[in-house]
J.: 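What follows is a single structure, and I will ask about it in a moment.
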Amino acid sequence: MVCMELAGTPQEIVSARDLGVVACTRCTKAWPLGTQTCARCGHVLVSRDRLSLQRVWAYWLMGLVCYIPANVFPMLETKTLYQIDESTIIGGAVELAQHGNLGIAAIILLASVVIPLGKFWAVAFLAISVKQKDAASKHQRQFLYEIVEYIGRWSMIDIFVVAILSALVQLKTLASINPGPASIFFALSVIFTMLSAQAFDSRMIWDVQAKDGGPERNE
Amino acid sequence: MVMNAATASQTSLILDELIVCPQCDAAYKLKQPGHGERAICQRCHKVLIAPRQNAGLRIIAIALAVVFLIMGAALFPFLTIDAAGNKNAVSILDAALAFSGGPMILLSLATAALIVFIPLTRVLLTLYVLVPVVLDRPPARHAIKAFRISEAMRPWSMAEIFAIGCAVALVKVADLAHVGFGPAFWMFGILVALIIAQDSFMCKWSVWNSLEHPKKS
């Protein structure tokens, strides 16, 4: 791995906005401040997305609203010879743990409960902290943002498990598994939180430093 | 080794010589790294440029393999189940389309898209963009648009997550019935490894750069 060498101290890192330059977030090409669209890739150019936080909160709220029915309604409906068993996300994981599959129960709890809740907290924390000067360090926040971006997709695991189980276990009268109404809410919740994290403009994390150093500029 | 931070005092800026980190907006003077080297943002440590030798050819080779594997993996039996004489075999498309009835159809379509159609579309777009570039031809028509769509789809391509989901589902069913692996299961395993390899070879900046400055043949 090759790291870059700086000409001076890290304080000399300059934001493109302070150079009077707006960069394309998709293809990294630089344009003069005020350019509307990137002529290379056609992406809309915004130095700082002022509406970013609004979109983050809107998607965040949708995700949270969908996450509640996802946990209240049954995720799986298992029909065996004698009984119909409806289990919620947490109920299913507890059942697995009682059968001795602790590892799998842990994966499901992690992917469907810990990661989504952690994501709600992390996105909210990031969105609030860019408004404050002295929250956490910028590197910690950047790290948190990268984790959220990377890990969010993995919550889909539960949906895929339900899909595989309900397609596979169709053994006439012996046993059959069908998806419950929670699955659609859970999928929506994952999609909305992914959109929420994507809407967040991570450049805002680093603006506090720029504000301390130089004069503030408008877009 | 590769870049130096530009300082605000520089008055004459040549925009073509500037590269800006899309994640934290730090500006650097562009200096292209050699093969195997990586240019990394000093501030947020995002990889900005990471060219590999023959990356284009390798990506094309992998992409061709992925196209055939996706089609095979989607259509052949994926898993078979056997319990007390009752048998059932499903393909990946069956699994994706398992949600039926009312609004669940939408979930079926979404699942099928996430596992099969988005990865397939991404690979086809990649081929469309890269083949002319690697052959030193002028870029294909709408190549820029195609690459843009392919990049926008990146977070929504979830084949590898489906693979882990498979493992979880297998354990859940294991004590209920005997589960066997169809040919598609192994194809899908290879597929996931190839998709991950392809993403690691791809240097977005190099592709944009070659689309902007095509070599004259």
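Heavy-atom basis, side chains included; hydrogens, waters and symmetry copies ignored. Sequence lines set the chain letters: A, B, ... in the order given, protein chains first and strands last, and positions in each chain run from 1.
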J.: Give the interface residues of residues 156-165 of chain B toward chain A, defined by a heavy-atom separation under 4.5 Å.
T.: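 Counting heavy atoms that sit under 4.5 Å from chain A, the residues of residues 156-165 of chain B involved are Trp156(B), Ser157(B), Met158(B), Glu160(B), Ile161(B), Phe162(B), Ile164(B), Gly165(B).
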J.: Under a plain distance cut-off of 3.5 Å, with no hydrogens placed, do Ser112(A) and Asp158(A) share a side-chain donor-acceptor pair?
T.: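 There is such a pair (donor and acceptor under 3.5 Å, judged by atom type) between the side chains of Asp158(A) and Ser112(A).
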J.: Among Asp94(B), Leu79(B), Val179(B), which residue forms the greatest number of heavy-atom pairs with chain A at distances under 4.5 Å?
T.: Leu79(B)
J.: Which one of Met156(A), Glu95(A), Met194(A) has the most heavy-atom pairs closer than 4.5 Å to chain B?
T.: Met194(A)
J.: Heavy-atom distances under 4.5 Å only: say whether Ile144(B) touches chain A with side chain, backbone, both or neither.
T.: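 Answer is side chain: those atoms of Ile144(B) sit under 4.5 Å from chain A.
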J.: What's the separation between atom CG in Leu194(B) and atom CD1 in Ile59(B), rounded to the nearest 0.5 Å?
T.: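 So the CG of Leu194(B) and the CD1 of Ile59(B) are separated by 12.5 Å.
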J.: For Ile107(A), is it the side chain, the backbone, both or neither that has a heavy atom under 4.5 Å from a heavy atom of chain B?
T.: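 It is the side chain, since no backbone atom gets that close.
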J.: Please flag which part of Glu151(B) lies under 4.5 Å from any non-hydrogen atom of chain A: side chain, backbone, both or neither.
T.: neither
J.: Show the numbers, then the answer: is there a salt bridge (Lys or Arg N to Asp or Glu O under 4.0 Å) between Asp199(B) and Lys204(B)?
T.: CA-CA 10 Å; Asp199(B) 276 344; Lys204(B) 280 196 283 179; over 6 Å; no
J.: Select one option (side chain, backbone, both, neither) describing which atoms of Asn209(B) are under 4.5 Å from chain A's heavy atoms.
T.: both
J.: For Val207(B) and Met202(B): C-alpha separation, side-chain torsions, deciding distance, then whether side-chain contact (heavy atoms from CB on, under 4.5 Å) applies.
T.: CA-CA 8 Å; Val207(B) 176; Met202(B) 177 82 89; 3.9 Å; yes
J.: State yes or no: are the ring centers of Phe185(A) and Tyr67(A) separated by less than 6.0 Å?
T.: no
J.: Kindly determine whether Thr78(A) and Ile84(A) satisfy side-chain contact (heavy atoms from CB on, under 4.5 Å), including the steps that lead there.
T.: CA-CA 6 Å; Thr78(A) 313; Ile84(A) 299 177; over 6 Å; no
J.: Specify which of Gln142(A), Arg26(A), Arg40(A) makes the most heavy-atom pairs with chain B at under 4.5 Å.
T.: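 Heavy-atom pair counts peak at Arg40(A).
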J.: If we define contacts as heavy-atom pairs under 4.5 Å, which of Val22(A), Ile164(A), Leu188(A), Thr25(A) has the most with chain B?
T.: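 Among the listed options, the one with the most contacts to chain B is Ile164(A).
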J.: Thr126(B) vs Gln198(B), test: side-chain contact (heavy atoms from CB on, under 4.5 Å). Steps then yes/no.
T.: CA-CA 10 Å; Thr126(B) 306; Gln198(B) 189 191 19; 3.8 Å; yes
J.: Report yes if the side chains of Met71(B) and Phe76(B) come closer than 4.5 Å at any heavy-atom pair, otherwise no.
T.: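 No. Closest side-chain heavy atoms not under 4.5 Å.
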J.: For Trp205(B), check ring pair (Phe, Tyr, Trp, His ring centres under 6.0 Å) against everything at least two apart and list the hits.
T.: none
J.: Counting only non-hydrogen atoms closer than 4.5 Å, can you tell me which residues of residues 105-121 of chain B sit against chain A?
T.: Leu107(B), Thr111(B), Leu114(B), Ile115(B)
J.: Measure distances from Pro181(A) to the heavy atoms of chain B and classify the residue's part below 4.5 Å as side chain, backbone, both or neither.
T.: backbone
J.: Find the one option among Val90(B), Val20(B), Asp25(B) whose heavy-atom pairs under 4.5 Å with chain A are most numerous.
T.: Asp25(B)
J.: Which bit of Tyr150(A) is near chain B, if near means a heavy-atom gap under 4.5 Å: side chain, backbone, both or neither?
T.: neither
J.: Is any side-chain heavy atom of Ser91(B) closer than 4.5 Å to one of Leu75(B)?
T.: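 Side-chain contact under 4.5 Å: no.
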J.: Less than 4.5 Å to any heavy atom of chain B: does that hold for the side chain of Ile108(A), its backbone, both, or neither?
T.: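 Looking at Ile108(A), just its side chain touches chain B.
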J.: Select, from Ser166(A), Ala187(A), Ala23(A), Ser183(A), the one with the greatest count of heavy-atom pairs under 4.5 Å involving chain B.
T.: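 Highest number of pairs under 4.5 Å: Ser183(A).
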J.: How far apart are the closest heavy atoms of Tyr128(B) and Ala146(B), and which atoms are they?
T.: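 Closest heavy-atom pair between Tyr128(B) and Ala146(B): CD2-CB, 3.9 Å.
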J.: Can you sort out the partners of Arg148(B) under side-chain hydrogen bond (donor to acceptor under 3.5 Å, both in side chains), two or more places apart, ordered by chain and number?
T.: none
J.: Within the 3.5 Å criterion, strictly below it, is a donor on Glu149(A) or Gln198(A) matched to an acceptor on the partner's side chain?
T.: no
J.: Any idea which of Leu211(B), Asn88(B), Ile92(B) has the most non-hydrogen atom pairs under 4.5 angstrom with chain A?
T.: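 Of Leu211(B), Asn88(B), Ile92(B), Asn88(B) has the most heavy-atom pairs under 4.5 Å with chain A.
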J.: In the structure I gave you, are the side-chain heavy atoms of Phe78(B) and Leu168(A) within less than 4.5 Å of one another anywhere?
T.: no
J.: Salt bridge between Asp85(A) and Lys79(A), side-chain N to carboxylate O under 4.0 Å?
T.: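 So Asp85(A) does not pair with Lys79(A) through a salt bridge.
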J.: Let's go through Asp201(A) and Gln23(B) carefully: what are the C-alpha distance in whole Å and the side-chain angles of both, what is the deciding distance for side-chain contact (heavy atoms from CB on, under 4.5 Å) to 0.1 Å, and is it a yes or a no?
T.: CA-CA 8 Å; Asp201(A) 189 346; Gln23(B) 200 162 259; over 6 Å; no
